[in-house]
Asks: 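Pasting a structure here, questions to come.
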Protein chains: 2
Amino acid sequence: MNVQLLNKKEAIFESTLKLINEYGFHGTPMSQIASHANVATGTIYHYFNSKDELIIELFKYCREKTNLHIFSFNEDLPYKEKFFFIWNRLVDYYIAHKETFWFIEQFYSSPYYELIKQKKTTYYGVDKMQQFFEEGIKSDVLRNVSFYTLISIYIGSATSHVKMVTYGFCKMQTKGREELIEIIWNGVKNQKYEG
Amino acid sequence: MNVQLLNKKEAIFESTLKLINEYGFHGTPMSQIASHANVATGTIYHYFNSKDELIIELFKYCREKTNLHIFSFNEDLPYKEKFFFIWNRLVDYYIAHKETFWFIEQFYSSPYYELIKQKKTTYYGVDKMQQFFEEGIKSDVLRNVSFYTLISIYIGSATSHVKMVTYGFCKMQTKGREELIEIIWNGVKNQKYEG
DNA sequence: TGCACCCGAATGAACGTTCAATTGCTAAAT
DNA sequence: ATTTAGCAATTGAACGTTCATTCGGGTGCA
């Protein structure tokens, strides 16, 4: 697959992302995606077998890009700094790529997700996250609570915050953000370490 | 509007809720909703002007029911107990009404929400929640952080937890839940009060 | 008599997908 | 260096289906 093809496939991805955000899964016909991406309708079917497959592949594409972005930290940083770094990178990325954020949210809460969740997909992001939290617990920096508890707070608060900001409910003042991640840190850190 | 009608309208709501969860906004034709609710297709249009209106009204209906449920606490309880109570009621309600939960999530992250958010809808839930957090801050039980920070942690963790459970990623062991709300409480409570 | 409620077949537009035809590229053959 | 064969990429009109909505007619209660 040469560069030209990659470009077309990506053009289709980006157009789908934009249009689905605006009109939803249904409100976005293949023909509209095609013309927005400057390709013919038939061309989409060269890369994807169906609209559903296109949407599923787009989801994986978005998730992959996001994960690559947030885990790009220096391994030598102290744990606490990594803890703040990843969370902030995630929030930054989503705010800078609102369409990716909303598309992922929409996908997760739609029946589409059922189609791919069973595939015990030890995919990059969850692996990394679990590993990161386990590291924190083993080294006694984090309280010994379950992975699911940690991820509920950590990811849940990040997405909640991004929702607030992108809905326009609150300004993106850095103060609110710092407050938020700091509260979480206070909640999950092992009290033995620096108050 | 008599009882019979209320029943029909609710039957339409409940059928829509169930089918949209299974097949999504698009995958659910009006005809299918009608036959599932044991009414004629045309009848739906007696109660709602369009499919979009039906979906929007269903959203309000679900949100209202949820809010009425979670704010049904005894005002005399100490603040901390109310803090735990509301969170637990919310999680309980969503787990017991998965379809309501997923529908609301789907709606919030779809373009539909754009259609109703501007209406500076000081709706029941947000009002109550804001009032509750303000009460906590004024009485010095909670740290003095912004409403949006509090709600991001409080609601975000609850929905995240419910997602985990309803996806089947983690069992609904009460332990995990207690851990979670306790961590949040630790994070947001004013340190001056009981460690 | 009038009005609200209810029915479901008919309508017509919209959409996902197909396909036969065309172009462009690569590499083997001459 | 030129030709040629073959495959990948691309096109967009056409097809057949599906679906939201309409509407003319029916029922029963005030």
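Just the heavy atoms: all of them, side chains too, but no hydrogens, waters or symmetry mates, feed the values below. In what follows, every chain begins at residue 1, and chains take the letters A, B, ... in the order their sequences are listed. Small disclaimer: the values here were computed from a predicted structure and weren't measured.
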Asks: Once salt bridge (Lys or Arg N to Asp or Glu O under 4.0 Å) is applied, what residue pairs with a partner in residues 90-112 of chain A remain, sequence neighbours excluded?
Replies: Asp92(A)-Arg177(A), Glu105(A)-Lys163(A), Glu105(A)-Lys163(B)
Asks: In whole Å, what is the span from the OH atom of Tyr45(A) to the P atom of dT18(C)?
Replies: 7 Å
Asks: How does protein contact run along nucleotides 25-30 of chain D, one letter per nucleotide 5' to 3', with B for base contact, S for sugar-phosphate only, - for none, heavy atoms under 4.0 Å?
Replies: ------
Asks: If the condition is ring-ring contact (aromatic ring centres under 6.0 Å, His included), which residues does Phe107(A) pass it with, not counting sequence neighbours?
Replies: Phe59(A), Tyr112(A)
Asks: Once you round it to whole Å, what is the distance between P of dC5(C) and CD1 of Ile12(B)?
Replies: 12 Å
Asks: Can you measure Phe48(A) atom CZ to dA8(D) atom P for me and round it to whole angstrom units?
Replies: 18 Å
Asks: Which salt bridge (Lys or Arg N to Asp or Glu O under 4.0 Å) pairs, counting each pair once, include a residue from residues 44-59 of chain A, with sequence neighbours left out?
Replies: Glu57(A)-Lys60(A)
Asks: Can Val141(B) be reached from Leu77(B) by stepping across I, L, V, M, F, W or Y side chains whose heavy atoms are under 4.5 Å apart?
Replies: no
Asks: Of all the choices, dC5(C), dA20(D), dT18(C), which nucleotide is nearest to the side chain of Tyr47(B) once you look at every atom?
Replies: dC5(C)
Asks: Once you round it to whole Å, what is the distance between C1' of dA9(D) and NZ of Lys9(A)?
Replies: 14 Å
Asks: Salt-bridged, Lys175(A) to Glu178(A), with N to O below 4.0 Å?
Replies: no
Asks: Which residues, if any, of residues 29-37 of chain B bring a heavy atom under 4.0 Å of DNA chain D?
Replies: Pro29(B), Met30(B)
Asks: So if I take the C1' atoms of five pairs at each end of the helix from dT1(C)-dA30(D) to dT30(C)-dA1(D) and get each local axis, what angle do the two axes make, rounded to 10 degrees?
Replies: 10°
Asks: Who pairs with Phe83(B) by ring-ring contact (aromatic ring centres under 6.0 Å, His included), at least two apart in sequence or on another chain?
Replies: Tyr154(B), Trp185(B)
Asks: Look at the rings of Phe103(A) and Phe25(A) and say which category their plane angle falls in: under 30° parallel, 30 to 60° tilted, over 60° perpendicular.
Replies: perpendicular
Asks: Can you list everything that forms a side chain to side chain donor-acceptor pair (under 3.5 Å) with Thr174(A)? Sequence neighbours excluded, please.
Replies: none
Asks: Can you list, pair by pair, the side-chain donor-acceptor contacts under 3.5 Å of residues 12-20 of chain B, counting residues two or more places apart and other chains?
Replies:
| residue | atom | partner | partner atom | Å |
| --- | --- | --- | --- | --- |
| Glu14(B) | OE2 | Tyr61(B) | OH | 3.0 |
| Ser15(B) | OG | Ala11(B) | O | 2.9 |
| Ser15(B) | OG | His36(B) | ND1 | 2.8 |
| Ser15(B) | OG | Ala37(B) | N | 3.4 |
| Thr16(B) | OG1 | Ile12(B) | O | 2.6 |

Asks: Check the interface with nucleotides 11-17 of chain D: list each N/O to N/O pair with the protein under 3.5 Å, or write none.
Replies:
| residue | atom | partner | partner atom | Å |
| --- | --- | --- | --- | --- |
| dT11(D) | OP2 | Ala40(A) | N | 2.7 |
| dT11(D) | OP2 | Thr43(A) | OG1 | 2.6 |
| dG12(D) | N7 | Gly42(A) | N | 3.4 |

Asks: Between Tyr113(B) and Tyr167(A) (judged by ring centroids, cut-off 6.0 Å), do the two rings come close enough to count as a pair?
Replies: yes
Asks: Taking side chain to side chain donor-acceptor pair (under 3.5 Å) as the definition, give me every residue that meets it alongside Thr149(A), ordered by chain and number, with sequence neighbours left out.
Replies: Ser146(A), Glu179(B)
Asks: Between Tyr148(A) (side chain) and Phe169(B) (backbone), is there a donor-acceptor pair under 3.5 Å?
Replies: yes
Asks: Test: salt bridge (Lys or Arg N to Asp or Glu O under 4.0 Å). Region: residues 66-76 of chain B. Which pairs qualify, not counting sequence neighbours?
Replies: Glu75(B)-Lys82(B)
